[in-house]
2 protein chains.
Amino acid sequence: MIFSQTVEYALRSVVWLASHAGNPQTVQQIAEATQVPSNYLAKVMNSLRRTGLVESRRGLGGGYILTRTSDELTVLDVVNTVDPIERIERCPLGLKSHGLNLCPLHKHLDEAIGMIEQAFIKTKIADLVVKTCESGSICGKAATPEPGEGS
Amino acid sequence: MIFSQTVEYALRSVVWLASHAGNPQTVQQIAEATQVPSNYLAKVMNSLRRTGLVESRRGLGGGYILTRTSDELTVLDVVNTVDPIERIERCPLGLKSHGLNLCPLHKHLDEAIGMIEQAFIKTKIADLVVKTCESGSICGKAATPEPGEGS
DNA sequence: GGATATGTAGATGCAAATATCCTTTTAAGG
DNA sequence: CCTTAAAAGGATATTTGCATCTACATATCC
């Protein structure tokens, strides 16, 4: 319901790239940092490349980088790449009787989708980057374990 | 993405029941009116019964009716029965470092989910019933074919 | 140019959501 | 009772999203 796993993965990865602008990140690096299965992540990154959100470089020193700055890149861009948001334009019941007008049900559902869409347009990837810690994960500071958190 | 097929089916059916309050509707009737595969609909209706949103009567003259009036029943009630909305409460990455605080990514995603949840609480099933036509479908007037739309 | 490190592509496996079918239970009406 | 109409339950497809594995292409470094 609501957001697919793949959307999660794609967003985590893009946020990670945003916080490492300029430095190509390999699938392995991204996978470890974002805790996404690396084999699957490879597919996801490839999708992002095909739609032009990221660039790839092969070979030693290669990896992925964003093609835009993180404040020119919205959550919607990422979401629409891997699992596009589809507005309800026609009645799923295929009734001709109300032409372009949706019935109340689908009108309300579409409005809900629209809200999400708007929120995702407004939110830039830059807004999602954690700044309060040096080289941390996308989501705190996993990479720099705190004192007293031995495992 | 966003809404599952089952949610669609459940909502259509409940809206149909709402517009036939008092008259038990059989799975067959609901299925035809809402264009949902009847065998699958049977499962969905059963779920709605288990969570108490509808009552069933077996045997001749049986069918399903709502247990509440349509303005006491929200879209969220229905959605949560068949495909519950889950807020993001803990960081999916399982990082302890930020305790109860979500990272910006998951904070934003959760807010989006929260918006949907609110919208679905506010929307009553009564708001979704088409009133402008007598015995029509949930979504216009499919049941009363217009003149000149022979088939 | 050989060794190594990367992304790219395709085949396949697996599990969950969706859909179908068949049997059993329960109720109503004669 | 018996017949019929309905829901309830269970077994089984089908489809799709998620994930894994392997082979291949391309770049860097020595």
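Owing to the predicted nature of the structure, the values given are computational and were not obtained by experimental measurement. First the proteins, then the strands, lettered A, B, ... as listed; each starts at 1.
Phosphate proximity of C:dA9 to A:Asn46: present, with a side-chain N or O under 4.0 Å from OP1 or OP2.
Here C:dA9 presents its P atom at 16 Å from OH of A:Tyr40, a figure rounded to the nearest Å. As a whole-Å value, the separation of A:Gln25 CD from C:dA5 P is 17 Å. Whole-Å rounding puts the B:Leu41 CG to C:dT20 P distance at 12 Å. Between the CG atom of A:Asn39 and the P atom of C:dG7 there is a distance of 12 Å, rounded to whole Å.
Screening residues 104-113 of chain B for salt bridge (Lys or Arg N to Asp or Glu O under 4.0 Å), with sequence neighbours left out, gives B:Arg87-B:Asp110, B:Lys107-B:Glu111. Residue pairs that meet the salt bridge (Lys or Arg N to Asp or Glu O under 4.0 Å) test with at least one member in residues 67-79 of chain A, sequence neighbours left out, are A:Arg68-A:Asp77. Sorted by first then second residue, the side chain to side chain donor-acceptor pair (under 3.5 Å) pairs that include residues 45-54 of chain B, not counting sequence neighbours, are B:Asn46-B:Arg49, B:Thr51-B:Thr81.
Across C:dT20, C:dG7, C:dA11, the shortest atom-to-atom separation from the side chain of A:Lys43 is found for C:dA11.
A:Ile30 contributes atom CD1, which lies 6.0 Å from atom CD of A:Gln25 (distance to the nearest 0.5 angstrom). One finds the CD1 atom of B:Ile2 at 5.5 Å from the CZ atom of A:Phe3 (value rounded to the nearest 0.5 Å).
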Under 4.0 Å protein heavy-atom contact, by nucleotide of nucleotides 24-30 of chain C - B base, S sugar-phosphate only: -BBBS--
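Contacts of B:Leu60 classified as side chain to side chain contact (heavy atoms under 4.5 Å, CB included), with partners at least two apart in sequence or in another chain: none. Under the side chain to side chain contact (heavy atoms under 4.5 Å, CB included) criterion, B:Arg58 pairs with no residue, sequence neighbours left out. Remark: A:Ser38 pairs with A:Val27, A:Gln28, A:Ala31 by the side chain to side chain contact (heavy atoms under 4.5 Å, CB included) rule, at least two apart or across chains. Partners of A:Asp127 according to the salt bridge (charged side-chain N to carboxylate O under 4.0 Å, His left out) rule, which considers only residues two or more places apart in sequence or in another chain, do not exist here. Not counting sequence neighbours, the partners of A:Thr6 by the side chain to side chain contact (heavy atoms under 4.5 Å, CB included) test are A:Ser4, A:Tyr40, A:Val44, A:Val82.
Of the residues in residues 2-10 of chain B, those lying under 4.0 Å from DNA chain C by heavy-atom distance are B:Ser4, B:Gln5, B:Thr6, B:Tyr9. Within residues 75-87 of chain A, no residue has any heavy atom under 4.0 Å from DNA chain D.
Looking only at distances, a side-chain donor or acceptor of A:Gln29 sits under 3.5 Å from a matching main-chain atom of A:Thr26.
With a cutoff of under 4.0 Å to any heavy atom of chain B, the contacted region of DNA chain D is bounded 5' to 3' by D:dA5 to D:dA11.
Side chains of B:Glu8 and A:His106: a donor on one and an acceptor on the other come within 3.5 Å.
Looking at every heavy atom in both residues, B:Val78 comes nearest to B:Ile125 through CG2-CD1, 4.1 Å.
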